[in-house]
Amino acid sequence: MSTARLVPVERAFFEQPVVALARALLGALLVRRIGGAQLVGRIVETEAYGGEGIDPSAHSFRGPTPRCEVMFGPAGRAYVYTTHQGRCCLNVTATGDGGGKAVLLRALEPWHGAERMHAHRIEGLADGPTRARLLARGGRDPQLASGPSRLCQCLAVDRALNGVALTDPRSALFIAAPPRGVADVSALWTPRIGLNPGSASFGWRWRALDGGSPAVSGPRRPAGAGPAPQPRQCPAPRGRRAGTR
DNA sequence: CTCACGATCAGCT
DNA sequence: GCTGATCGTGAGG
């Protein structure tokens with residue numbers, strides 16, 4: 001598919017409630033310009049983080065710190081932080097109300113430039129079964145960017161991109177609307193991944209995923225429950241609930 | 001396939 | 001000093 005005319009969505013798109021933005025980002029394209037190449041992935045999994053005083057699992061819960069101050073700025077910026085072993089995670093700031101809200105991008109379907117993403121992904125991987133498997137599958141692996149840090153590896157996203165405006169046409173990283181003619185996705189909602197079980201927000205179903213995508217990381221539905229209802233504080237789901245594949 | 005373990009370190013208290 | 005918005009490995013079904 002042609003990617004020549006991809007342009008960033010405007011800032012107003014990001015100025016909506018964070019859970020709604022998590023939903024709206026499903027199916028959108030994440031575009032990375034690097035070294036003259038354009039890498040594109042379709043967003044298939046997101047998580048909302050509710051901000052200061054609201055969501056104990058958010059970095060911003062206790063107010064701004066040097067690490068998370070970008071979360072308190074305008075909507076539509078990249079918040080990139082480092083986690084275990086120097087890996088990174090990419091968030092999109094939401095709402096623009098100064099409350100520290102953001103959406104974590106957890107998985108992409110490679111859409112354009114998969115070979116380049118694959119090269120970025122295996123760069124620096126130690127010899128072992130994982131590297132061997134990735135080498136064997138090449139750029140065709142649908143799970144190449146399945147996971148928040150894998151996503152960043154594929155697109156070469158690191159702290160250098162922290163704070164960049166995803167709405168800027170000249171940006172090295174931006175969000176583009178889903179191409180016309182591509183079917184809208186229906187969202188499934190589950191609890192978020194990797195949170196402290198003691199957290200008050202542990203069970204909130206603020207993880208949105210495209211149940212039809214092979215690129216989704218982790219479980220497709222909450223253990224012991226059917227397709228999840230919409231989380232609280234959020235308008236009714238637009239799409240029908242997804243099939244069970 | 002599903003677990004559990006821990007590497008290794010920035011960020012925070 | 002302690003804690004992870006993770007991932008790769010290895011053991012077991």
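Just so it is clear: chains get the letters A, B, ... in the order the sequence lines come, proteins before strands, and each one is counted from 1. Please read all numbers here as calculations on a predicted model, not as lab measurements.
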- Query: Is it true that the side chains of Arg11(A) and Thr167(A) contain a donor and an acceptor less than 3.5 Å apart?
  - Reply: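 Their side chains do not contain a donor-acceptor pair, so the 3.5 Å distance test is not met.
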Report the distance from atom [atom1] of [X] to atom [atom2] of [N], rounded to the nearest whole Å.
| X | N | atom1 | atom2 | value |
| --- | --- | --- | --- | --- |
| Ile193(A) | dA5(C) | CD1 | P | 13 Å |
| His59(A) | dG11(B) | NE2 | P | 11 Å |
| Phe61(A) | dC12(B) | CZ | C1' | 15 Å |
| Phe202(A) | dT3(C) | CZ | P | 17 Å |
| Tyr49(A) | dG4(C) | OH | P | 12 Å |
| Glu47(A) | dG4(C) | CD | C1' | 14 Å |
| Arg62(A) | dA5(C) | CZ | P | 12 Å |
| Leu195(A) | dG4(C) | CG | P | 10 Å |

Heavy atoms under 4.0 Å, any strand shown: does [X] hit a base, just sugar-phosphate, or nothing?
| X | answer |
| --- | --- |
| Ser149(A) | sugar-phosphate |
| Gly128(A) | sugar-phosphate |
| Arg192(A) | nothing |

- Query: Distance check: side-chain N/O of Arg131(A) vs OP1/OP2 of dG8(C), anything under 4.0 Å?
  - Reply: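 For dG8(C), OP1/OP2 do not have a side-chain N/O of Arg131(A) under 4.0 Å.
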- Task: Using a 4.5 Å cut-off on heavy atoms from C-beta on, say whether the side chain of Leu30(A) contacts that of Leu151(A).
- Result: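 In contact.
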- Task: Any chance you could encode DNA chain B as dot-bracket? Rule is Watson-Crick or G-U wobble with both distances under 3.5 Å; [ ] for pairs crossing earlier ones, | for another strand.
- Result: |||||||.||||.
Can you tell me which nucleotide in [options] comes closest to the side chain of [X]?
| X | options | answer |
| --- | --- | --- |
| Leu104(A) | dA5(C), dT9(C), dT13(B) | dA5(C) |
| His84(A) | dG4(C), dA5(C), dG8(C) | dG4(C) |
| Arg150(A) | dC12(B), dC7(C), dA10(B) | dC7(C) |
| Asn196(A) | dG4(C), dA7(B), dA5(C) | dG4(C) |

- Return yes when atom CZ of Arg133(A) has more than 12 non-hydrogen atoms of other residues, nucleotides or ligands closer than 6.0 Å, and no otherwise.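 Above 12, so yes.
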- Query: Is atom CZ of Arg131(A) surrounded by more than 12 heavy atoms (other residues, nucleotides or ligands) closer than 6.0 Å?
  - Reply: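 Check passes, neighbour count above 12.
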- Query: Should Asp141(A) and Arg121(A) count as an ion pair when the cut-off is N to O under 4.0 Å?
  - Reply: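 Salt bridge: no.
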- Apart from Val7(A) itself, residues in the same hydrophobic cluster as defined by side-chain heavy atoms under 4.5 Å: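 Besides Val7(A), the cluster holds no residue at all.
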- Toward the 5' end of DNA chain B, by each residue's nearest nucleotide, Arg159(A) or Gln85(A):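 So the residue in question is Gln85(A).
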- Query: Taking all non-hydrogen atoms of both residues, which atom of Phe202(A) and which atom of Pro191(A) are closest, and how far apart?
  - Reply: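 So the two residues come closest at O-CB, 4.0 Å.
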